[in-house]
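Scroll down for the structure; my scribbles are underneath it.
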Amino acid sequence: MTATGTFGLSTEARNLQWLLGNLVEEVPGVRSVAVVSSDGLLLLSSDPAVQQAGAAAAETVRPDGPRGSSADLATIVSGIGSLTIGAARLMDGGGVKQTMVAMEDGSVFVMSISDGSLLGVHATPDCDMSVVAYHMALFVGRAGHVLTPEVRSELRKSMESSQ
């Protein structure tokens, strides 16, 4: 977890961190995960490659960007979310539930959380897309009611203090 430790966090915030960690650990092919607020700020992040390689190695691999791939994924998730919400409005398509971008060397999944926040997953090209989408839906179902304005504020402050 790139968020600070669980010390001082509410039970709800710790539960969200635990759910995010489980998503990364239990789903094969997941590279990194981010929860982004409706205004584009990173609330929660887990980057297994950074955890395994260590912070010093991560800076060597991704020297650009304020927090490496976590900040990059948050930016991408926010942009994709904004683009698809705008497209849905123009097409009278209703709310956007999920977006998936398949690339040659990976996939990005974005799923709406009930409060306007977004869950984003960056996965390997050989991941089982249906398994990733299923586990994302489980996370959204479990986290949606917990992600209150108070918890969002707490998570935002936690992420800011970890920079």
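Not measured: the values here are computed from a predicted model.
Criterion: ILVMFWY side-chain heavy atoms under 4.5 Å apart, direct or through other members. Under it, L155 and W18 are part of a common hydrophobic cluster. When hydrophobic clusters are built by joining Ile, Leu, Val, Met, Phe, Trp and Tyr residues whose side-chain heavy atoms come closer than 4.5 Å, directly or via intermediates, M100 is grouped together with V35. M103 is connected to I76 through a chain of hydrophobic side-chain contacts under 4.5 Å among Ile, Leu, Val, Met, Phe, Trp and Tyr, so both are in one cluster. Residue V96 is not grouped with residue L147 when hydrophobic side chains (ILVMFWY) are merged at heavy-atom distances under 4.5 angstrom, including chains of intermediate members. Connection of V101 to V110 is established within a shared hydrophobic cluster, with ILVMFWY side chains joined at heavy-atom distances below 4.5 Å, either directly or through further cluster members.
Of the possible donor and acceptor atoms, one in the side chain of T75 sits under 3.5 Å from a partner among the backbone N and O of A71. Remark: the backbone N or O of G81 is paired with a side-chain donor or acceptor of T84 at under 3.5 angstrom. Not one N or O on the side chain of Q98 forms a donor-acceptor pair closer than 3.5 Å with the backbone of S112. Side-chain atoms of R152 do not come within 3.5 Å of backbone N or O of S37 as any donor-acceptor pair.
Atom CD of E154 sits about 8.5 Å away from atom CZ of R14, to the nearest 0.5 Å. Rounding to the nearest 0.5 Å places CG of L23 at 9.0 Å from CG of L19. Here CD1 of I113 is found 8.5 Å from CG of L16. Values are rounded to the nearest 0.5 Å. Here the CG atom belonging to L44 is positioned 6.0 Å from the CZ atom belonging to F139, to the nearest 0.5 angstrom. Atoms CZ and NE2, from F109 and H135 in turn, are 12.0 Å apart once rounded to the nearest 0.5 Å. Note: Q17 CD to S45 OG = 10.5 Å, rounded to the nearest 0.5 Å.
A side-chain contact (heavy atoms from CB on, under 4.5 Å) with V27 is found for one member of D128, L138, V131 and no other, namely V131. Partner of L118 under the side-chain contact (heavy atoms from CB on, under 4.5 Å) criterion, out of T99, L43, V77, I80: V77 alone.
Counting heavy atoms of neighbouring residues, nucleotides and ligands inside a 6.0 Å radius, atom CE of M91 does not exceed 12 of them.
The two residues V36 and S78 have their closest heavy-atom pair at CG1-CB, 4.2 Å. Residue C127 comes nearest to P28 through the heavy atom pair CB-O, 4.1 Å, listed as atom of the first residue, atom of the second, then distance. Of all non-hydrogen atoms in S107 and A102, the two that sit nearest each other are OG-CA, 4.0 Å. Of all heavy-atom pairs between A88 and G94, the closest is CB-O, 3.3 Å.
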- Pair T148-E12, side chain to side chain contact (heavy atoms under 4.5 Å, CB included): steps then yes or no: CA-CA 9 Å; T148 63; E12 293 84 3; over 6 Å; no
- Task: Decide yes or no on salt bridge (charged side-chain N to carboxylate O under 4.0 Å, His left out) for R31 and D105, but give the supporting numbers first.
- Result: CA-CA 12 Å; R31 290 180 173 160; D105 293 323; over 6 Å; no
- Carefully, step by step, assess L119 and V33 under the rule side chain to side chain contact (heavy atoms under 4.5 Å, CB included). CA-CA 7 Å; L119 172 63; V33 180; 3.5 Å; yes
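A 4.5 Å side-chain heavy-atom check between S158 and L9 finds at least one atom pair inside the cut-off.
The existence of a salt bridge linking R156 and D39 is confirmed by a sub-4.0 Å separation between a basic side-chain nitrogen and an acidic carboxylate oxygen.
Judged as a salt bridge (charged side-chain N to carboxylate O under 4.0 Å, His left out), not a single pair has a partner in residues 89-102 (not counting sequence neighbours).
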